[in-house]
Amino acid sequence: MQNLNLQLRPGQSIELLKELHILTPEGKINQDSRRKLKQVYHLYQFIEPLLKDLSEEEKIHVADIGAGKSYLGFIINDLFLKNLPNSKILAIESRQELINSSIELKNKLNFKNMDFLPLSVKESFHSDLLPETLDLVTALHACDTATDDAIQLALNKKAKHVVIVPCCQAEVAGLLRATKGKLIHSTSLVELFRHPIHTREFGSHLTNVLRCLWLESRGYQVTVTELIGWEHSMKNELIMATFRNLPGDRAKNKINDILKEFHLSDTSFAEKFNG
């Protein structure tokens with residue numbers, strides 16, 4: 001066990017770190033918690049400049065999609081937003097028991113500018129519990145199509161910034177398995193996903209490529225990088241997008257070309273890119 005003193009930021013809540021089980025009641029940290037904290041801090045380093053970019057606004061609205069235990073939201077609030085009284089973190093989570101425990105922790109720490117909304121992401125599209133616009137939408141390991149829903153919410157709410165770490169992209173892998181027979185005699189590209197393990201991996205990659213093009217088609221500038229070292233997580237791709245009102249026709253055409261190439265144009269997966 002080791003002290004964490006050198007890793008703490010000025011004004012950071014020790015009580016929060018204890019409640020999140022990063023620190024023991026004695027203020028110590030073990031190696032497993034150190035790795036967990038490293039991941040969150042690393043993601044926060046990407047998010048913090050975006051929050052600073054937004055800080056000239058009268059208020060900042062951050063939506064944390066598929067929030068789970070709201071680990072990321074609590075850290076963002078503690079390190080940045082808690083000193084901006086007109087700003088809000090909106091944690092969207094469908095599991096009521098997690099909402100209840102987060103509300104309990106919020107009250108214990110007196111984090112007044114956090115709201116926990118018992119909604120699925122799709123329910124949040126039309127919910128009166130959200131403002132008309134959002135400034136930053138983040139989704140850390142929102143599973144499978146929940147990441148697409150997070151992007152759709154960001155587009156609906158005209159978010160300036162989008163930060164997502166996708167997870168478990170299974171939808172396209174299933175569709176590719178069904179199209180192999182159609183492609184096997186028409187293109188050598190089928191070799192990219194002929195073997196089952198490649199189907200899964202290529203489906204994941206293809207999904208994220210199309211997500212990036214989707215954001216670009218709506219005027220966003222997109223950056224893709226690693227979140228953290230592979231020894232910490234295999235779900236390691238970080239997609240960041242900032243709205244620049246850029247032309248989107250090229251990206252739209254690329255989406256259509258890719259969907260057509262892999263016989264995905266007539267699937268429900270393809271429909272979302274027109275949303």
Is there a side-chain contact between [X] and [Y] in this structure, where contact means two heavy atoms from C-beta onward sitting under 4.5 Å apart?
X	Y	value
Ser186	Leu183	yes
Leu90	Leu129	no
Lys254	Val209	no
Leu213	Phe273	no
Gln12	Leu79	yes
Ser87	Glu57	no
Leu130	Leu153	yes
Thr242	Arg244	yes

Is it the case that over 12 heavy atoms from other parts of the model lie below 6.0 angstrom from the [atom1] atom of [X]?
X	atom1	result
His263	NE2	yes
Gln96	CD	yes
Glu132	CD	no

Could you measure the distance from the [atom1] atom of [X] to the [atom2] atom of [Y]? Nearest 0.5 Å is fine.
X	Y	atom1	atom2	result
Asp64	Tyr71	CG	OH	13.0 Å
Phe74	Met114	CZ	CE	4.5 Å
His195	Lys180	NE2	NZ	8.5 Å
Ile151	Arg218	CD1	CZ	11.0 Å
Ile89	Leu84	CD1	CG	10.5 Å
Leu81	Lys88	CG	NZ	11.0 Å

Non-hydrogen atoms of [X] and [Y] that approach each other most closely:
X	Y	value
Lys82	Phe111	CD-CE1, 4.3 Å
Leu176	Gly203	CD1-CA, 3.8 Å
Lys157	Ser124	CE-O, 4.5 Å
Val137	Ala159	CG2-CB, 3.9 Å
Lys272	Trp214	O-CZ2, 3.2 Å
Ala241	Val222	CB-CG2, 4.0 Å

Counting only N and O atoms by type, is there a donor-acceptor contact under 3.5 Å from the side chain of [X] to the main-chain atoms of [Y]?
X	Y	answer
Ser120	Glu123	yes
Asp135	His61	yes
His42	Leu227	yes
Asp149	Val121	no
Thr199	Ala173	no
Ser102	Leu98	yes

Single-linkage hydrophobic cluster, 4.5 Å side-chain cutoff, [X] and [Y] together:
X	Y	answer
Leu238	Ile65	no
Ile76	Ile103	yes
Ile258	Tyr220	yes
Leu134	Ile60	no
Ile92	Phe116	no

Ion pair [X]/[Y], N-O distance below 4.0 Å:
X	Y	answer
Lys18	Glu15	no
Arg95	Glu93	yes
Glu237	Arg211	no

Residue pair Gln152, Asp148: steps toward the side chain to side chain donor-acceptor pair (under 3.5 Å) verdict: CA-CA 6 Å; Gln152 186 64 69; Asp148 299 318; over 6 Å; no
Which residue is it: Asn77, Thr138, Val62? I am looking for the one with a side-chain contact (heavy atoms from CB on, under 4.5 Å) to Leu72. Thr138
Determine whether the aromatic ring centres of Phe202 and Phe262 lie less than 6.0 Å apart. yes
Could you go through the side chain to side chain contact (heavy atoms under 4.5 Å, CB included) check for Leu54 and His161 one step at a time? CA-CA 9 Å; Leu54 295 166; His161 299 292; 3.9 Å; yes
Walk me through whether Gln221 and Leu246 qualify under side chain to side chain contact (heavy atoms under 4.5 Å, CB included). CA-CA 7 Å; Gln221 181 180 19; Leu246 300 172; 4.0 Å; yes
Working for side chain to side chain contact (heavy atoms under 4.5 Å, CB included), residues Lys160 and Leu136: CA-CA 6 Å; Lys160 183 172 183 181; Leu136 171 64; over 6 Å; no
All side-chain hydrogen bond (donor to acceptor under 3.5 Å, both in side chains) counterparts of Lys252, not counting sequence neighbours: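 Expected list: none.
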Would Ser13 and Leu109 count as a side chain to side chain contact (heavy atoms under 4.5 Å, CB included) if you check the C-alpha gap in whole Å, the side-chain angles of each, and the deciding distance to 0.1 Å? CA-CA 9 Å; Ser13 171; Leu109 298 172; 4.2 Å; yes
